Amino acid sequence: MATLRELRDRTKSVQTTKKITHAMELIAASRIRKAQQVAEAADPYTRELTRALAAVASRGDMDHPLLTELEHPRRSAVLLVTSDRGLAGGYSTNVLRAGESVRHYLTVKHHREMDTYITGKKGAAFYEFRDREVTQAWEGFSEAPGYKHAEEISRVLLDAFLTPTEEGGVDEIFLVFTRFVSRVKQVPQIIRLLPLEVVSEEEAAERAESGARMTELHHAPADQENRVETPFDFEPDPEAVLDHLLPLYIGNRVYYALMQAAASELASRQAAMKSATDNASDIIRDLTREANQARQASITQEITEIVGGAAALSESA
């Protein structure tokens with residue numbers, strides 16, 4: 001049985017831990033709102049860019065490499081969005097688990113080569129521990145991503161897609177990240193970034209809620225003959241407009257994923273720190289009770305010894 005001194009030392013240690021976890025919970029809670037505001041501020045631009053791109057892509061005479069799916073892809077790329085820090089519950093684990101399902105779908109089921117791109121130290125450490133090759137990794141901005149980070153990532157992915165497969169390029173790119181639904185719910189999501197499928201945020205949210213599987217997401221955009229003609233005229237021509245819009249759209253989709261992942265990471269960290277704080281409170285309560293019992297036992301023993309000594313003295317007298 002632990003001594004009273006040991007119980008007091010353990011209680012002080014747990015109290016210190018509780019203060020730290022509670023502070024981290026408050027910090028994460030304050031940052032979630034900021035991340036939400038940044039995401040909400042980008043919504044109007046995202047909607048209009050999607051509408052503009054959909055209008056151009058819906059033309060029946062369009063034949064663009066970013067919109068065309070190969071019949072038999074040989075190499076795929078996957079971008080995993082994980083965290084730089086731990087103490088966020090199962091946040092990164094859930095993303096990596098979804099990434100493993102993509103890996104199995106591509107390499108085992110369809111026998112394709114796979115290039116892996118990762119953001120966040122946790123994902124990089126996961127692959128390094130398993131001695132798996134990572135094509136490129138980015139670190140240091142998982143909690144507060146900027147558009148410059150999304151631009152760099154999208155540029156690398158776009159270059160890989162436009163490079164012929166024989167020269168090390170890829171035929172398709174998947175994006176695995178965590179969609180922020182609420183402070184208590186974050187959903188890992190898999191989308192195909194390229195070849196392009198223009199999807200509204202509402203449809204993307206519905207897919208995330210329904211738990212879309214890889215087999216549902218792995219399909220081409222609408223067939224050329226089924227595309228609806230738009231009543232718009234494009235200058236100088238639709239191909240030039242599409243060439244300008246597509247890199248913006250890809251960068252926007254990556255930025256959106258990074259922002260959603262940042263909010264999800266902070267929400268997961270807040271929940272994990274709240275749970276740790278509650279657990280610390282329970283431990284402190286148990287240790288306090290145990291310390292009180294030890295103190296009472298010590299006092300009882302001292303009283304017993306005093307009474308016993310007094311009785312011995314009276315008998316000797």
Side-chain angles (χ1 to χ4, degrees), residues 18 20-50 79-102 119-123 141-147 149-150 174-193 197 199-214 216-217 252-282:
K18 179 182 176 181
I20 295 173
T21 56
H22 183 60
M24 294 180 67
E25 176 189 350
L26 295 178
I27 292 172
S30 66
R31 291 179 176 175
I32 290 174
R33 182 54 189 163
K34 183 178 180 180
Q36 285 181 283
Q37 291 173 342
V38 172
E40 291 169 0
D43 275 348
Y45 175 79
T46 299
R47 292 196 202 97
E48 293 304 317
L49 181 58
T50 302
L79 172 64
L80 300 173
V81 182
T82 65
S83 65
D84 286 315
R85 298 194 297 129
L87 301 177
Y91 168 75
S92 291
T93 301
N94 292 335
V95 175
L96 292 170
R97 186 179 295 117
E100 289 299 288
S101 70
V102 179
T119 69
K121 295 180 180 179
K122 288 297 179 180
F141 54 83
S142 68
E143 286 190 11
Y147 192 76
H149 302 120
F174 290 94
L175 177 59
V176 184
F177 67 101
T178 306
R179 177 181 290 276
F180 179 85
V181 180
S182 67
R183 288 175 179 258
V184 296
K185 184 178 182 181
Q186 301 84 42
V187 183
Q189 186 174 6
I190 305 167
I191 65 173
R192 193 182 66 181
L193 193 63
E197 178 187 14
V199 178
S200 67
E201 295 308 321
E202 291 77 10
E203 184 178 350
E206 290 176 1
R207 289 184 178 184
E209 287 294 324
S210 63
R213 300 184 298 272
M214 279 295 301
E216 296 170 343
L217 292 171
N252 179 265
R253 294 302 299 176
V254 173
Y255 183 51
Y256 177 81
L258 293 178
M259 290 190 298
Q260 289 285 311
S264 298
E265 178 184 347
L266 292 169
S268 297
R269 181 165 292 114
Q270 180 192 10
M273 292 302 98
K274 184 181 186 306
S275 178
T277 302
D278 293 341
N279 290 339
S281 297
D282 293 340

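Below, each value reflects all heavy atoms present in this structure, side chains not excepted, and no hydrogens, waters or symmetry copies. Because the structure is predicted, anything quoted here is derived from the model rather than measured. If you read the sequence from its start, that first residue is 1, and numbering goes on from there.
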Does a side-chain heavy-atom distance below 4.5 Å link [X] with [Y]?
X	Y	value
Arg179	Ser264	no
Leu193	Arg253	yes
Val102	Val176	yes

Drop me the distance from [X]'s [atom1] to [Y]'s [atom2], to the nearest 0.5 angstrom.
X	Y	atom1	atom2	value
Met273	Ile27	CE	CD1	11.0 Å
Arg192	Leu175	CZ	CG	13.0 Å
Lys122	Glu265	NZ	CD	10.0 Å

Task: Main-chain N/O of Val187 paired with Thr178 side-chain donor or acceptor, under 3.5 Å - done: no
Taking every non-hydrogen atom, the tightest pair across [X] and [Y]:
X	Y	result
Ala35	Leu266	CB-CD1, 4.3 Å
Gly123	Thr82	N-OG1, 3.0 Å
Ala267	Arg183	CB-O, 3.8 Å
Leu258	Pro145	O-CG, 3.6 Å
Tyr147	Asn252	OH-N, 4.0 Å
Ala276	Thr21	CB-CG2, 3.9 Å

Open item on the list: The test is side-chain contact (heavy atoms from CB on, under 4.5 Å); show your working for Ile32 and Phe180 and say whether it passes.
Closed with: CA-CA 10 Å; Ile32 290 174; Phe180 179 85; 4.2 Å; yes
Task: Sequence neighbours excluded, every pair satisfying salt bridge (charged side-chain N to carboxylate O under 4.0 Å, His left out) that has a member inside residues 79-91 - done: Arg85-Glu143
TODO: Quickly, which of Ile191, Val254, Leu80 forms a side chain to side chain contact (heavy atoms under 4.5 Å, CB included) with Phe177? Name it, please.
DONE: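 Considering Ile191, Val254, Leu80, a side chain to side chain contact (heavy atoms under 4.5 Å, CB included) with Phe177 is found only for Ile191.
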- [ ] Check the surroundings of atom NE2 in His22: do more than 12 heavy atoms from other residues, nucleotides or ligands lie under 6.0 Å from it?
- [x]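 No - once you tally the heavy atoms of other residues, nucleotides and ligands closer than 6.0 Å, there are 12 at most.
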Distance-only donor-acceptor pairs under 3.5 Å for side chains of residues 87-96, two or more places apart:
from, atom 1, to, atom 2, distance (Å)
Tyr91, OH, Ala261, O, 3.2
Ser92, OG, Ser83, N, 3.3
Ser92, OG, Ser83, OG, 2.7
Asn94, OD1, Arg97, NH1, 3.0
Asn94, ND2, Gly90, O, 3.0

Task: Stepwise side-chain contact (heavy atoms from CB on, under 4.5 Å) check, Thr277 with Glu25 - done: CA-CA 9 Å; Thr277 302; Glu25 176 189 350; 3.9 Å; yes
Task: Criterion side-chain contact (heavy atoms from CB on, under 4.5 Å) on Leu79 and Thr119, from CA distance to verdict - done: CA-CA 8 Å; Leu79 172 64; Thr119 69; 4.0 Å; yes
Task: Qualifying residues under side chain to side chain donor-acceptor pair (under 3.5 Å), relative to Asn279, sequence neighbours excluded - done: none
